[in-house]
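Take a look at the structure below.
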Amino acid sequence: MKALDEAIRLAAKLHEGQFRDGDSPLPYIVHPIEVVSNLRYVGGVVDEDILVAGALHDTIEESDADPILFRKKFGNRATALIVEMTRKEPSESETKGMSAEEIWQLRSRMLLDEIGKMSRDCQILKLADRLSNV
């Protein structure tokens, strides 16, 4: 799986210096690796495009990576999955005057709406991502 190896290396480069939130934060790259592991070993996924997208699923929102780079390296399908996985956040104007709880509820509704509109392959990716976030 040459493309997966390349995707993991690129994800490590794009997430370099980033850490996950929490009391004892780990380097960010641990999360995409766990998502790939969940896909492969929990979900039984062997489709390399899905695994590549798992490795790179947070790079657009966390590092401002350009999808054109992914299309050149990994093709249209993997890139489409990465873009589809990129979470849409509410704008400042949408959250103006809201409490933290109201913002959390809005974000949750947006996420559930996004998941309902995702392709089956992207929903599989999202499940592996959510499992990693538990």
Side-chain angles (χ1 to χ4, degrees):
M1 293 199 164
K2 185 178 181 203
L4 178 57
D5 181 62
E6 189 174 341
I8 290 170
R9 290 175 193 277
L10 180 58
K13 181 179 176 186
L14 292 170
H15 290 300
E16 188 173 355
Q18 296 176 347
F19 291 85
R20 294 283 282 177
D21 294 336
D23 294 335
S24 299
L26 293 171
Y28 200 96
I29 189 61
V30 172
H31 171 63
I33 296 293
E34 185 176 22
V35 170
V36 170
S37 181
N38 288 341
L39 287 165
R40 180 65 192 93
Y41 298 113
V42 177
V45 174
V46 294
D47 182 315
E48 194 168 20
D49 285 335
I50 296 173
L51 296 172
V52 163
L56 295 165
H57 77 278
D58 276 343
T59 54
I60 293 173
E61 60 194 75
E62 296 295 335
S63 71
D64 296 322
D66 188 338
I68 293 170
L69 167 71
F70 301 140
R71 188 163 283 113
K72 288 178 183 176
K73 288 184 172 286
F74 306 109
N76 290 333
R77 183 166 173 255
T79 302
L81 288 168
I82 296 163
V83 170
E84 193 176 0
M85 276 290 288
T86 301
R87 185 146 187 204
K88 314 310 182 270
E89 292 292 341
S91 68
E92 260 186 56
S93 65
E94 290 173 305
T95 60
K96 188 173 182 165
M98 289 183 160
S99 68
E101 175 66 24
E102 290 169 326
I103 293 170
W104 183 86
Q105 288 177 1
L106 173 62
R107 290 183 77 238
S108 295
R109 282 192 308 271
M110 289 175 70
L111 175 62
L112 291 173
D113 186 50
E114 286 175 16
I115 291 170
K117 294 176 182 174
M118 286 177 174
S119 66
R120 181 182 178 279
D121 288 343
C122 195
Q123 287 176 343
I124 290 167
L125 269 167
K126 182 54 85 173
L127 282 172
D129 179 42
R130 299 310 298 168
L131 179 60
S132 175
N133 288 333
V134 170

Q) Between the side chains of His31 and Asp129, is a donor N or O closer than 3.5 angstrom to an acceptor N or O? A) yes
Of the non-hydrogen atoms in [X] and [Y], which two are nearest, and what is the gap between them?
{"X": "Val52", "Y": "Ala78", "value": "CG1-CB, 4.0 Å"}
{"X": "Gly54", "Y": "Leu39", "value": "CA-CD1, 4.0 Å"}
{"X": "Ser132", "Y": "Asn38", "value": "N-ND2, 3.6 Å"}
{"X": "Lys126", "Y": "Met118", "value": "CE-CE, 3.6 Å"}

For the backbone of [Y] and the side chain of [X], can you confirm whether one donor and one acceptor N or O come within less than 3.5 Å of each other?
{"X": "Ser108", "Y": "Trp104", "answer": "yes"}
{"X": "Thr59", "Y": "Leu56", "answer": "yes"}
{"X": "Thr86", "Y": "Ile82", "answer": "yes"}
{"X": "Glu114", "Y": "Arg87", "answer": "no"}

**Q.** Test log, rule side-chain hydrogen bond (donor to acceptor under 3.5 Å, both in side chains), inputs Arg20 and Asn133
**A.** CA-CA 10 Å; Arg20 294 283 282 177; Asn133 288 333; 2.6 Å; yes
Q | Identified side chain to side chain contact (heavy atoms under 4.5 Å, CB included) partner of Met1 from the options Glu48, Arg40, Glu6 | A | Glu48
Q) Around Leu112, counting heavy atoms of other residues, nucleotides and ligands shown, do more than 12 lie under 6.0 Å from its CG? A) yes
(Q) Does Glu16, at its CD atom, have more than 12 non-hydrogen atoms belonging to other residues, nucleotides or ligands within less than 6.0 Å? (A) no
**Q.** Test side chain to side chain contact (heavy atoms under 4.5 Å, CB included) applied to Val83 and Phe70, step by step
**A.** CA-CA 10 Å; Val83 170; Phe70 301 140; over 6 Å; no
(Q) Please enumerate all residues that pass side chain to side chain contact (heavy atoms under 4.5 Å, CB included) together with Arg71, with sequence neighbours excluded. (A) Asn76, Thr79
Q) Which residues satisfy the side chain to side chain contact (heavy atoms under 4.5 Å, CB included) test with Ser99, sequence neighbours excluded? A) Glu101, Glu102
Q.
Applying a strict under-4.5 Å side-chain criterion to I, L, V, M, F, W and Y, I'd like to know whether Leu131 and Ile50 cluster together.
A. no
Q. Yes or no on salt bridge (charged side-chain N to carboxylate O under 4.0 Å, His left out) for Arg109 and Asp113, after CA distance, side-chain angles and deciding distance?
A. CA-CA 6 Å; Arg109 282 192 308 271; Asp113 186 50; over 6 Å; no
Q. Can you name the side-chain hydrogen bond (donor to acceptor under 3.5 Å, both in side chains) partners of Glu62, sequence neighbours left out?
A. none
Q: Could you walk me through whether Glu94 and Ser91 pass side-chain hydrogen bond (donor to acceptor under 3.5 Å, both in side chains), step by step?
A: CA-CA 5 Å; Glu94 290 173 305; Ser91 68; 3.3 Å; yes
Q: Step by step, work out the salt bridge (charged side-chain N to carboxylate O under 4.0 Å, His left out) result for Asp121 and Arg77.
A: CA-CA 10 Å; Asp121 288 343; Arg77 183 166 173 255; 2.6 Å; yes
